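In what follows, a single structure is set out as structure tokens and then discussed.
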Amino acid sequence: MPFFQIAHLSDPHLPLAEFPALDEIRFKRILSLLSWTLKRRHLHKAAPLARVMDDIRRSQPELVALTGDLTNLGLRSEFRRARRWLEEQALPPTLLVPGNHDALIRQNATGKAALWADWLKTDASFPSLLVKDHIALIGVNTAVPTRPFFASGKMGAAQAERLRALLHKTGREGLCRVVLIHHPPVAKLVSRRKGLDDLALFQSILREAGAELVLHGHSHRATLACIPHTDIPVVGTTSASHSAGSPATAAGWNAIAVHPQAGHWSITVLRRELGTDGIMRDGLTRVFTPHRLSPSIRL
């Protein structure tokens, strides 16, 4: 089988164009609006995002993995605008998992999710699934409303059991299982108030059922880790709209190539990052060789 390309991006935080309607005003939204006005609108820009998206299209990936936070306040108007933006990108098959900003408030969640149905790939329950050739993108939803000053996530017990079953099933089918999740599934990549509440449960499922790669957002950092006691790589990315500057935070995306080999997958992750001159360049390259048709290997 030929190699297969996946583009991973996250946290575009599309520019806020409208203020909340009267019925959408909540204390947590006011806090997030202040954060956007005072800080984030100066960091998240349309121009870096446009360069990232142009770079992705030029690479011609077969699949796109988008790990959340298209919005800032989770407004109806933001969901509609994000839908238009997704349609305009003319991307190949794309799997989207929501981020904490997309679930900021428990209000009209079903109606807003319906606007993104073409990319969420599920009517209601997660995990979601997008299969093409020998690749299975598996989406885990950790975006839940939280109290003010918190941006934590939670998978939940019911979703966890469905994830366990889906990983076993796709593993038996010999697929390369790439798990998408917004919140980092390893400790210390974000503070506890921004972390994954059922981190231990998620890790235990992957140790049992296996996966070949985990992709996340939320941290706005280009990072590499592993699920503890396994060789399952966990790869993060910066915000796709962040202004250029430090390579650790500048707008970018992960170009992932999956090469089927005899008995294992060879997975190459190439970091693409925006320079201060507005040019996209190669960053670090990492190569992983998880085994096929077997549980994760302990280090």
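Just so it is clear, the structure is predicted and the values come from calculations on it, not from any experiment.
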(request) Verify salt bridge (Lys or Arg N to Asp or Glu O under 4.0 Å) between Glu87 and Arg84, making sure each step is shown before the conclusion. (result) CA-CA 5 Å; Glu87 291 170 339; Arg84 290 193 298 271; over 6 Å; no
(message) Let's go through Met53 and Leu91 carefully: what are the C-alpha distance in whole Å and the side-chain angles of both, what is the deciding distance for side chain to side chain contact (heavy atoms under 4.5 Å, CB included) to 0.1 Å, and is it a yes or a no?
(response) CA-CA 9 Å; Met53 300 312 297; Leu91 295 172; 4.0 Å; yes
(request) For Trp253 and Asp55, run side chain to side chain contact (heavy atoms under 4.5 Å, CB included): C-alpha distance rounded to whole Å, both residues' side-chain angles, the deciding distance at 0.1 Å, then the answer. (result) CA-CA 9 Å; Trp253 62 286; Asp55 199 49; 2.8 Å; yes
(request) Might you work through the side chain to side chain contact (heavy atoms under 4.5 Å, CB included) test for Phe150 and Asp197, ending with a clear yes or no? (result) CA-CA 11 Å; Phe150 280 77; Asp197 289 345; over 6 Å; no
(message) Determine whether Phe202 and Ile181 satisfy the following criterion, side chain to side chain contact (heavy atoms under 4.5 Å, CB included), listing intermediate values before the conclusion.
(response) CA-CA 10 Å; Phe202 180 86; Ile181 186 170; 3.8 Å; yes
(request) Could you please spell out the steps behind the side chain to side chain donor-acceptor pair (under 3.5 Å) verdict for Ser35 and Arg40? (result) CA-CA 6 Å; Ser35 174; Arg40 285 188 286 114; 3.2 Å; yes
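Residues Ala136 and Leu129 share a closest heavy-atom pair of CB-CD1, 4.0 Å. Across every non-hydrogen atom of Gly74 and Glu78, the tightest pair is N-OE1, 2.9 Å. Of all heavy-atom pairs between Glu62 and Pro93, the closest is O-CD, 3.7 Å. Annotation for Pro184 and Leu196: closest pair O-CB, 4.1 Å, computed over non-hydrogen atoms. Residues Pro98 and Leu120 share a closest heavy-atom pair of CD-CD2, 4.0 Å. Listed here is the closest heavy atom pair of Trp116 and Phe79: NE1-O, 3.1 Å.
In this pair, His101 and His13 present their aromatic rings perpendicular. The plane angle is above 60°, beyond the 30 to 60° band. Between His183 and His218, the ring planes are tilted. Angles from 30° to 60° get that label. Using cut-offs of 30° and 60° for the angle between ring planes, the His134 and Trp265 rings count as parallel.
Other residues, nucleotides and ligands place more than 12 heavy atoms under 6.0 Å from the CZ atom of Arg281. More than 12 heavy atoms of other residues, nucleotides or ligands sit less than 6.0 Å from atom NZ of Lys132. Counted within 6.0 Å of CZ on Arg192, heavy atoms from surrounding residues, nucleotides or ligands total 12 or fewer; the atom is thus considered open.
The aromatic ring centres of His216 and His182 sit 6.0 Å or more apart.
Checked against ring pair (Phe, Tyr, Trp, His ring centres under 6.0 Å), His8 has no partners two or more places apart in sequence or in another chain.
Side chains of Thr238 and Arg271: a donor on one and an acceptor on the other come within 3.5 Å. For the residue pair Ser128/Thr122, the side-chain donor-acceptor check at 3.5 Å is not satisfied. Under the 3.5 Å distance criterion, with hydrogens and angles disregarded, a donor-acceptor pair is assigned to the side chains of Lys28 and Thr146.
Hydrophobic clustering (ILVMFWY, side-chain heavy atoms < 4.5 Å, transitive): Leu70 and Leu75 are in distinct clusters. Both Trp85 and Leu96 are assigned to one and the same hydrophobic cluster, defined by single-linkage of ILVMFWY side chains at heavy-atom distances under 4.5 Å. Linking Ile, Leu, Val, Met, Phe, Trp and Tyr whenever their side-chain heavy atoms come within less than 4.5 Å leaves Leu180 and Phe126 in two separate clusters. In this structure, Leu166 is a member of the same hydrophobic cluster as Val131, with clusters built from ILVMFWY side-chain heavy atoms closer than 4.5 Å. A continuous path of ILVMFWY side-chain contacts below 4.5 Å connects Leu115 to Leu66, so both sit in one hydrophobic cluster.
At a threshold of 4.5 Å between non-hydrogen side-chain atoms, the residues Arg272 and Asp282 count as touching. Considering only heavy atoms from C-beta on, Leu14 stays 4.5 Å or farther from Ser241 through its side chain. Looking only at side-chain heavy atoms (C-beta outward), Arg177 and Leu167 come within less than 4.5 Å of each other. Looking at heavy atoms from C-beta onward, His220 lies out of side-chain contact with Thr249 at the 4.5 angstrom threshold. Side-chain contact between Leu33 and Arg29: absent, with no pair of heavy atoms (C-beta onward) separated by less than 4.5 Å. Side-chain atoms of Ile267 and Ile256, non-hydrogen and from C-beta on, do get closer than 4.5 Å to each other. By the 4.5 Å heavy-atom criterion applied to side chains, Leu189 and Arg221 are not counted as neighbours. Taking the side chain as every heavy atom from C-beta outward, Arg83 and Leu86 never approach each other to under 4.5 Å.
A distance of 11.0 Å separates CG of Asn254 from CD1 of Ile6, quoted to the nearest 0.5 Å. Atom OG in Ser59 sits 6.0 Å away from atom CD in Gln5 (nearest 0.5 Å). From Arg193, atom CZ reaches atom OG of Ser152 across 9.5 Å, with rounding to the nearest 0.5 Å. Atom CG of Leu215 is separated from atom CG of Leu137 by 8.0 Å, given to the nearest 0.5 angstrom.
Under the 3.5 Å distance criterion, the side-chain polar atoms of Asn100 are left unmatched by any main-chain donor or acceptor of Ala143. A donor-acceptor pair under 3.5 Å is absent between the side-chain atoms of Asn141 and the main chain of Val97, judged by distance alone. Judged purely by atom type and a 3.5 angstrom limit, Asp102 uses its side chain to pair as donor or acceptor with the backbone of Thr71. No donor-acceptor distance shorter than 3.5 angstrom exists from the side chain of Arg26 to the backbone of Leu104, with no hydrogens or angles considered. Without hydrogens or angle criteria, Ser239 side chain to Asp11 main chain gives a donor-acceptor distance under 3.5 Å.
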